[in-house]
Amino acid sequence: MGRFIEGCDRREQLFLPPCIDDYVADDSPVRIVDMFVDELDLSALGFDDAAVTGRPGYHPAMMLKLYIYGYLNQVQSSRRLEREAGRNVEVMWLTGKLAPDFKTIADFRRDQGAAIQAVCRRFVLLCRSLGLIAGGMVAVDGSRFRAVNARDRNFTPVTIRRRMEQVDASIVRYLGMLDTADRQEGEAAELRTARLTTRLDELRRQMRQLEAMEQAVAASPDRQISLTDPDARAMASAGTGTGQVGYNLQAAVDTGSHIIVAHEVINLSHDRTSLTNMGTQAREATGAGTLTVLADRGYFSGSEVLACQEAGIVPILPKPLTSGAKADGRWGKQDFVYQAASDTYRCPAGETMTRRFSTLEHGLTLYGYATPACRSQCTVKANCTASIERRIKRWEHEEVIEAMQARLDRMPGAMRVRRRTVEHVFGTIKDWMGRSHLKTRTMKNVGTEMSLHILAYNFKRAIALVGVPGLMEAVRA
């Protein structure tokens, strides 16, 4: 073993430190976890008191410390936490050498979900008291997390129809193979016929199950059923065949410190109805009177933008370009200029389009504008419309959308700020979670699990910004 660093003899007697505290460094993050939890009023946060009768239980503070430490170190499984409690010196220091079994650990996360989420909010307030959260601007985004529910255990009208078609095709194929086997003789042919008959019976049973599931899906409120996790929903993605069954995590991240100030787990596959809700939660968390919210075009909804303005939230997000005329190479609505003084539009040909009618679409009142010049010999009509005349529809609160577009024009780098603020947060958390993402089921438990992940993320972010001594000093204060 020459010229290599040699280890000590395993049987050599060592003089170990006299107490376990000497094994934990003074600037170890585990000391912040311990101090932070000890300063919390657990009863006020909603943690249940110990049972009056029966065997004494573990203190909620000890269990909370164990979970926060686990999520800080990418140990989310209750079974893995049980093992760490018996072999990890830092965990022994944190828990007083207590080692609860995995069932007790898992039950704590399930039963104390609301209180754990309150702890996550409490740490945001601590970051706010440190001055880490400016409160002027946040970036909002959503990301899909894979649930404990395989795609084959999720049923929608589309997937049921596709699976029925696959079973039908398999039945036809096996019937053809059975006809071929019937024409043959011998023991091998008989065995093949029996095997094919068994397979056909299984396929017919699958078809009956799919027919029963089709009726259940039709009766479901959102026409979707997940068997393993009843709250999980199919989430489509941009790539063909790359969708997954899971949940949609909404997060609002401070653009200065990149600390997650608000979050919520939903099972909708879109973000269109979440802008006002996330903006309101972020404003309450940051304490800002007026908050600017950056979001991508997936959040665009006229009613949501209007609700934000009424709530004192300033949204900045691009409007999706959905004009069919623009896609066909003709002029889009943005090529027509609205003249507020006369409530008219000026078309690219210079004609004035006046208000002709009003209509109600998807709960929104729209006004229609047109000009009789379209019906005469307009020289540029081919560039405008293929119909008899071109009509422009305007929402009754369209000025709110125009004001938002003006803000976006004055801040051309807004979407870059949003992207570098919030998108890496989801990538970091998913990397910590591993391939399987979520470990719990149902919306309530998934919300608790995501709160622990976000609490761990905010812990690490605060340590990176002010260091361990600074954060410990803030907790003491």
Side-chain angles (χ1 to χ4, degrees), residues 140-141 236-240 269-276 292-310 314-419:
V140 173
D141 202 359
S237 58
T240 303
S269 60
H270 61 81
D271 304 325
R272 290 189 300 275
T273 57
S274 300
L275 185 63
T276 306
T292 300
V293 176
L294 307 179
D296 60 19
R297 66 181 72 249
Y299 281 86
F300 182 84
S301 167
S303 56
E304 284 288 307
V305 173
L306 178 62
C308 282
Q309 178 174 292
E310 294 173 347
V314 181
I316 298 180
L317 65 155
K319 181 180 179 180
L321 299 178
T322 57
S323 172
K326 202 71 174 178
D328 294 336
R330 298 190 295 270
W331 289 320
K333 182 180 178 180
Q334 59 270 32
D335 296 310
F336 293 74
V337 180
Y338 180 69
Q339 302 170 119
S342 59
D343 187 23
T344 59
Y345 273 92
R346 186 178 71 250
C347 77
E351 300 292 341
T352 299
M353 305 175 70
T354 58
R355 186 194 295 186
R356 296 293 186 84
F357 61 91
S358 64
T359 183
L360 190 66
E361 295 183 9
H362 305 294
L364 304 178
T365 301
L366 304 177
Y367 301 127
Y369 296 78
T371 175
C374 289
R375 297 177 179 271
S376 59
Q377 296 299 322
C378 179
T379 57
V380 293
K381 185 176 180 180
N383 296 331
C384 186
T385 181
S387 303
I388 297 176
E389 65 178 8
R390 178 65 183 268
R391 295 181 177 180
I392 296 295
K393 291 183 179 179
R394 179 182 178 84
W395 182 37
E396 61 176 335
H397 299 293
E398 190 77 20
E399 66 277 0
V400 175
I401 307 300
E402 293 171 345
M404 183 182 69
Q405 183 61 47
R407 291 193 296 269
L408 183 59
D409 293 339
R410 290 193 297 270
M411 189 180 177
M415 293 302 101
R416 287 194 297 273
V417 173
R418 181 206 66 81
R419 192 160 49 246

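Side-chain atoms of Lys333 come within 3.5 Å of backbone atoms of Lys393 as a donor-acceptor pair (strictly under, hydrogens ignored). Within the 3.5 Å criterion, the main-chain N or O of Asn383 finds no donor-acceptor partner in the side chain of Arg330. Formation of a donor-acceptor pair under 3.5 Å by the Glu398 side chain with backbone atoms of Trp395 is found in this model. No side-chain donor-acceptor contact under 3.5 Å links Lys381 to the backbone of Arg375. Judged by distance alone, the side chain of Ser301 and the main-chain N or O of Thr273 form no donor-acceptor pair under 3.5 Å. Under the 3.5 Å distance criterion, the side-chain polar atoms of Arg407 are left unmatched by any main-chain donor or acceptor of Val314.
Shown here is Ile388, whose CD1 atom has no more than 12 heavy atoms of other residues, nucleotides or ligands within 6.0 Å. The 12-atom threshold is exceeded at CZ of Arg356, counting heavy atoms of other residues, nucleotides or ligands nearer than 6.0 Å.
Listed here is the closest heavy atom pair of Glu389 and Thr371: OE1-O, 3.9 Å. Contact detail for Pro318 and Met415: the closest heavy-atom pair is CD-SD, 3.6 Å. A pairwise comparison of heavy atoms in Met411 and Ile316 identifies SD-CD1, 4.1 Å as the closest pair. Counting all heavy atoms, side chain and backbone alike, Leu275 lies closest to Glu304 at N-OE1, 3.3 Å.
Atom CD1 of Ile392 and atom OH of Tyr338 lie 13.0 Å apart (nearest 0.5 Å). Of the inter-residue distances, the one linking Arg391 atom CZ with Phe357 atom CZ reads 5.0 Å to the nearest 0.5 angstrom. Interatomic distance, Thr344 OG1 to Arg394 CZ, rounded to the nearest 0.5 Å: 10.5 Å. Leu294 contributes atom CG, which lies 11.0 Å from atom CG of Asp141 (distance to the nearest 0.5 angstrom). For the atom pair OG1 of Thr276 and CD of Glu310, the computed distance is 9.0 Å after rounding to the nearest 0.5 Å. The distance from the CG atom of Leu317 to the CG atom of Asp296 is 8.0 Å, given to the nearest 0.5 Å.
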Evaluate side chain to side chain contact (heavy atoms under 4.5 Å, CB included) for Cys384 paired with Phe336, printing each intermediate quantity in order.
CA-CA 10 Å; Cys384 186; Phe336 293 74; 3.7 Å; yes
Report the C-alpha distance between Trp331 and Val380 in whole Å, list the side-chain angles of each, state the deciding distance to 0.1 Å, and finish with yes or no for side chain to side chain contact (heavy atoms under 4.5 Å, CB included).
CA-CA 10 Å; Trp331 289 320; Val380 293; 3.7 Å; yes
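Residue Glu396 is tested with Leu366, Leu306, Thr365 for a side chain to side chain contact (heavy atoms under 4.5 Å, CB included); the sole match is Thr365.
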